[in-house]
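The structure appears below as structure tokens.
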Amino acid sequence: MTRDLVLISNSKHAKSDSPEVRAAGILGDWLAGRGDGTRFTTFDPDRVALVVGTAHGRVLGVYETVEHGEDGRTWQFVDDAARPGRRRVRFYGQPSREFSHMVGQASPVTWARGERNPVKVQALEDLRSLYADVEAVRGVGGTELRAAAGGAVLRVGPDGSVTVEVPPHTDVTVRTVNRTSDTGKHYTPHDLTQKMVELALGNVREHLEQGKEFTVYDPSCGTGGMLAATVEYIARLQRERDEQQRQLTELLGSETVREVEALVARQLAKASA
């Protein structure tokens with residue numbers, strides 16, 4: 001049977017738990033049928049390919065189901081301790097490489113206030129589509145672009161270096177193409193992106209000096225290059241402002257300034273005498 005479903009669980013584990021405890025909380029034990037809450041949670045355990053654990057709106061862990069035992073099942077029945085005679089489903093799983101970048105990101109589904117139902121089901125392809133876009137990750141050396149698909153993870157560093165991680169025994173083909181190839185995709189050089197951001201955000205410096213709040217929108221952000229350059233630009237302005245404030249504070253507290261203040265005070269006193 002094709003495994004094409006994702007089981008997404010809520011609040012049965014904590015970020016502070018050990019990896020073993022967290023994995024056990026995410027992989028089981030779930031009702032494969034009508035749930036205890038206000039909504040139906042009917043799902044076929046044999047079709048579950050991925051189990052995602054969330055808490056407080058964030059993804060805590062992602063496990064792909066794996067076959068176990070002679071029957072090749074990816075799950076087992078366990079007795080429900082709270083209700084004798086009822087059985088729950090516990091999955092066999094291992095951390096997912098393909099969806100490892102989901103950990104720490106926002107949950108792909110939400111629960112309404114007061115909703116007791118602990119699990120929801122989503123199509124695997126819908127989840128792939130939701131997390132297929134490239135994400136920009138801020139690091140010590142700058143912004144790294146990262147994408148994952150089909151078990152492979154691609155990373156592009158701030159210096160343009162490319163790292164590809166693939167599952168064992170995977171064939172990899174590398175081709176060098178022009179940046180403006182016939183694929184129809186065009187990539188803006190980083191230097192040009194920075195200049196465009198500076199021109200577009202001409203009044204940001206004034207907002208920072210006045211302590212005003214502002215919002216930056218990029219409705220067609222693509223790989224996030226413009227947004228990453230915006231963050232870098234605003235951070236640079238803030239550092240410059242902090243440095244100017246520090247220099248001004250040192251200047252006002254210097255001996256020369258105090259001597260000038262005393263001289264001006266004496267001259268004013270003589271003029272008014």
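Computed from heavy atoms alone, side chains included, the values below leave out hydrogens, waters and symmetry copies. For the single chain, residues carry numbers from 1 onward in sequence order. All figures in this text were calculated on a predicted structure; none of them were measured in a lab.
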(message) As a quick check of understanding, evaluate side-chain contact (heavy atoms from CB on, under 4.5 Å) for Val52 and Met102, giving each step before the final call.
(response) CA-CA 9 Å; Val52 179; Met102 284 179 57; 4.1 Å; yes

(request) Kindly indicate, with the supporting measurements, whether the criterion side-chain contact (heavy atoms from CB on, under 4.5 Å) is fulfilled by Phe99 and Val6. (result) CA-CA 12 Å; Phe99 293 95; Val6 179; over 6 Å; no

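- Closest heavy-atom contact between Pro45 and Thr74: O-OG1, 4.1 Å.
- Atoms CG and CG, from Leu127 and Leu5 in turn, are 11.5 Å apart once rounded to the nearest 0.5 Å.
- In this structure, the side chain of Ser9 does not engage the main chain of Val119 through any donor-acceptor pair within 3.5 Å.
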(request) Please step through side-chain contact (heavy atoms from CB on, under 4.5 Å) for the pair Leu50 and Thr65, ending with a clear verdict. (result) CA-CA 6 Å; Leu50 207 67; Thr65 57; over 6 Å; no

(request) Show your reasoning for whether side-chain contact (heavy atoms from CB on, under 4.5 Å) applies to Glu125 and Asp4. (result) CA-CA 7 Å; Glu125 287 307 313; Asp4 57 356; over 6 Å; no

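- Both Val162 and Val172 are members of a single hydrophobic cluster when ILVMFWY side chains are connected at heavy-atom separations under 4.5 Å.
- Between Pro108 and Asp126, the closest side-chain pair of non-hydrogen atoms is not below 4.5 Å.
- Between Ile8 and Gln122 there is a side-chain heavy-atom pair separated by less than 4.5 Å.
- Between Leu60 and Arg22, the shortest heavy-atom contact is O-NH1, 3.4 Å.
- Arg73 and Tyr92 get closest at one heavy-atom pair: O-CD1, 3.8 Å.
- Shown here is Arg87, whose CZ atom has no more than 12 heavy atoms of other residues, nucleotides or ligands within 6.0 Å.
- Closest approach of Ser107 to Thr54, counting heavy atoms only: OG-CG2, 3.6 Å.
- Between Arg88 and Asp29 no salt bridge is recorded (no basic side-chain N to carboxylate O distance below 4.0 Å).
- Atoms CD1 and CZ, on Ile26 and Phe91 in that order, are 13.0 Å from each other to the nearest 0.5 Å.
- Interatomic distance, CG of Leu124 versus CZ of Arg47, reported as 11.0 Å (0.5 Å rounding).
- Residues Tyr63 and Gly93 approach most closely at CD2-C, 4.4 Å, considering heavy atoms.
- The side-chain hydrogen bond (donor to acceptor under 3.5 Å, both in side chains) check on Glu64 picks up Gln94, with sequence neighbours excluded.
- At least one side-chain heavy atom of Trp111 sits under 4.5 Å from a side-chain heavy atom of Lys120.
- Between Gly72 and Glu67 the shortest heavy-atom distance is O-CG, 3.2 Å.
- More than 12 heavy atoms of other residues, nucleotides or ligands lie within 6.0 Å of CG in Asp80, so this atom counts as buried by the packing criterion.
- Here the side chains of Trp30 and Leu7 are in contact, with some heavy-atom distance below 4.5 Å.
- Transitive grouping of hydrophobic side chains (ILVMFWY, heavy atoms separated by less than 4.5 Å) brings Val51 and Val121 into a common cluster.
- Taking 4.5 Å as the limit, some side-chain heavy atom of Leu31 sits within range of a side-chain heavy atom of Arg86.
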